[in-house]
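Here the structure is laid out as structure tokens; the discussion comes afterwards.
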Amino acid sequence: MGELSKLPNIGKIVEQQLMQAGIQTYDELKEVGAKEAWLRIQSFDPSACINRLMALEGAIEGMKKNLLPDEVKEDLKAFYQEKKK
């Protein structure tokens with residue numbers, strides 16, 4: 001397991017998906033952002049759900065996804081509803 005799996009909410013499978021999506025490091029994840037990272041993952045894994053999106057945002061912010069501020073959660077939920085296939 002690499003650098004990404006050391007982040008909150010990121011296990012071995014999500015780390016592999018991030019790498020498949022062209023994201024190798026925390027800095028790349030932060031630069032791309034949770035929404036774009038989720039879109040990239042969702043392009044090859046249609047089962048990527050709202051929980052994965054929140055997990056990515058939490059990883060960027062350095063916290064468990066359930067601790068994200070309510071306004072961030074609402075923004076991510078709206079994005080997910082708009083983008084899900």
Side-chain angles (χ1 to χ4, degrees):
M1 297 201 325
E3 171 186 340
L4 292 168
S5 64
K6 295 177 183 159
L7 299 172
N9 314 307
I10 306 298
K12 184 172 72 170
I13 292 173
V14 175
E15 179 182 53
Q16 290 171 344
Q17 290 181 328
L18 286 167
M19 290 182 167
Q20 188 176 344
I23 300 166
Q24 308 290 320
T25 66
Y26 169 75
D27 288 337
E28 290 173 351
L29 176 59
K30 187 173 180 180
E31 183 178 323
V32 166
K35 292 175 181 177
E36 176 61 25
W38 180 84
L39 285 171
R40 291 183 189 183
I41 290 171
Q42 211 254 349
S43 73
F44 58 81
D45 179 5
S47 73
C49 63
I50 184 71
N51 292 319
R52 183 122 4 121
L53 177 58
M54 296 223 184
L56 292 167
E57 183 65 31
I60 292 169
E61 298 300 325
M63 64 180 64
K64 292 289 186 184
K65 65 184 177 190
N66 61 327
L67 298 177
L68 289 168
D70 288 340
E71 60 272 9
V72 172
K73 289 179 186 176
E74 290 304 317
D75 177 61
L76 293 173
K77 285 177 188 173
F79 174 81
Y80 175 77
Q81 291 297 323
E82 178 185 318
K83 299 294 182 183
K84 74 176 182 175
K85 294 180 180 176

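Values in this document were obtained by computation on a predicted structure and should not be read as measured data.
Although no hydrogens or angles enter the test, the distance criterion places no donor-acceptor pair under 3.5 Å between the side chain of Y26 and the main chain of L4. With W38 contributing its side chain and G33 its backbone, the two residues share no donor-acceptor pair below 3.5 Å.
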### Task
Might you work through the salt bridge (charged side-chain N to carboxylate O under 4.0 Å, His left out) test for E74 and K77, ending with a clear yes or no?
CA-CA 5 Å; E74 290 304 317; K77 285 177 188 173; 3.7 Å; yes
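Closest heavy-atom contact between A37 and L18: CB-CD2, 4.1 Å. Taking all atoms of both residues into account, the shortest heavy-atom contact from P8 to A59 is O-CB, 3.3 Å. Summarising the geometry of M63 relative to N9, their closest heavy-atom pair is O-ND2, 3.0 Å, with the distance given to 0.1 Å. Scanning all heavy atoms of the two residues, the minimum distance from A55 to I10 falls at O-CD1, 4.4 Å.
How far NZ of K65 is from CG of L67: 11.5 Å, rounded to the nearest 0.5 Å. Atoms CZ and CD, from R52 and Q17 in turn, are 4.5 Å apart once rounded to the nearest 0.5 Å. Atom CG of L76 sits about 6.0 Å away from atom CD1 of I50, to the nearest 0.5 Å. Here the straight-line distance linking atom CD of E31 with atom CD1 of I23 works out to 10.0 Å at 0.5 Å rounding. The distance from the CG atom of D75 to the CD atom of E57 is 8.0 Å, given to the nearest 0.5 Å. Atoms CE and NZ, from M54 and K64 in turn, are 15.5 Å apart once rounded to the nearest 0.5 Å.
Between E15 and K12 no salt bridge is recorded (no basic side-chain N to carboxylate O distance below 4.0 Å).
For Q24, the CD atom sits in a packed shell: over 12 heavy atoms of surrounding residues, nucleotides or ligands are nearer than 6.0 Å.
A heavy-atom distance below 4.5 Å is not found between the side chains of Q20 and I41.
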